[in-house]
Amino acid sequence: MNSRSKRLIRSIFHIHRSSSMFLLYEYDIFWAFLIISSAIPILAFLISGVLAPVKKDPEKLSSYESGIEPMGDAWLQFRIRYYMFALVFVVFYVETVFLYPWAMSFDVLGVPVFIEAFIFVLILIVGSVYAWRKGALEWS
């Protein structure tokens, strides 16, 4: 290796090393936020588990129906159709959440983002046609 290529390699590694150190310092706030936001719910569960009273009397273990004595078993089986409708609703609701900001900034983003949004909507249409053909959208 000649001296020119050695200098080039050293300069590349020096820039890479210094830029990666700079990038790590930019994420300190993110890591602190992530650790704190993860620690708070964990601590809340641990503290409530330690401080909660543990009395298992029959009144506490019975099911509650607005202060009235429960009639029958509390465990009812729901049809899977309810969950399928809820799932399809959530998918299309999330679709509108993603498409609304895109529609508001359509003039700024241009044609490539329009193509990406079109592909996104096309995938959702294919999914809804699949759910329709499988009978997930039929109530009876």
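Model, not experiment: these values are computed from the prediction.
- Ile119 and Val94 are not part of a single hydrophobic cluster, where members link through side-chain heavy atoms under 4.5 Å apart.
- When the side chains of ILVMFWY residues are joined at heavy-atom separations under 4.5 Å, either directly or via intervening members, Val111 and Phe120 end up in two distinct hydrophobic clusters.
- Under the 4.5 Å side-chain heavy-atom criterion for Ile, Leu, Val, Met, Phe, Trp and Tyr, Val126 and Val90 are members of distinct hydrophobic clusters.
- The cluster map of Ile, Leu, Val, Met, Phe, Trp and Tyr, joined by side-chain heavy atoms under 4.5 Å apart, puts Phe114 and Leu109 in the same cluster.
- Of all heavy-atom pairs between Phe92 and Leu124, the closest is CZ-O, 4.4 Å.
- Atom CG of Leu99 and atom CE of Met104 lie 11.0 Å apart (nearest 0.5 Å).
- The side-chain heavy atoms of Val113 and Phe106, taken from C-beta on, include no pair separated by under 4.5 Å.
- Rounding to the nearest 0.5 Å places CG of Leu43 at 10.5 Å from OG of Ser48.
- No side-chain heavy atom of Leu46 sits under 4.5 Å from any side-chain heavy atom of Val50.
- For the atom pair CD1 (Ile123) and CZ (Phe118), the distance works out to 11.0 Å, reported to the nearest 0.5 Å.
- The number of heavy-atom neighbours closer than 6.0 Å to CZ of Phe98, taken from other residues, nucleotides and ligands shown, is 12 or below.
- Looking only at distances, a side-chain donor or acceptor of Thr96 sits under 3.5 Å from a matching main-chain atom of Tyr93.
- Linking Ile, Leu, Val, Met, Phe, Trp and Tyr residues whenever their side-chain heavy atoms come within less than 4.5 Å places Ile125 and Val97 in a single cluster.
- Within a 6.0 Å radius of CH2 in Trp102, other residues, nucleotides and ligands contribute more than 12 heavy atoms.
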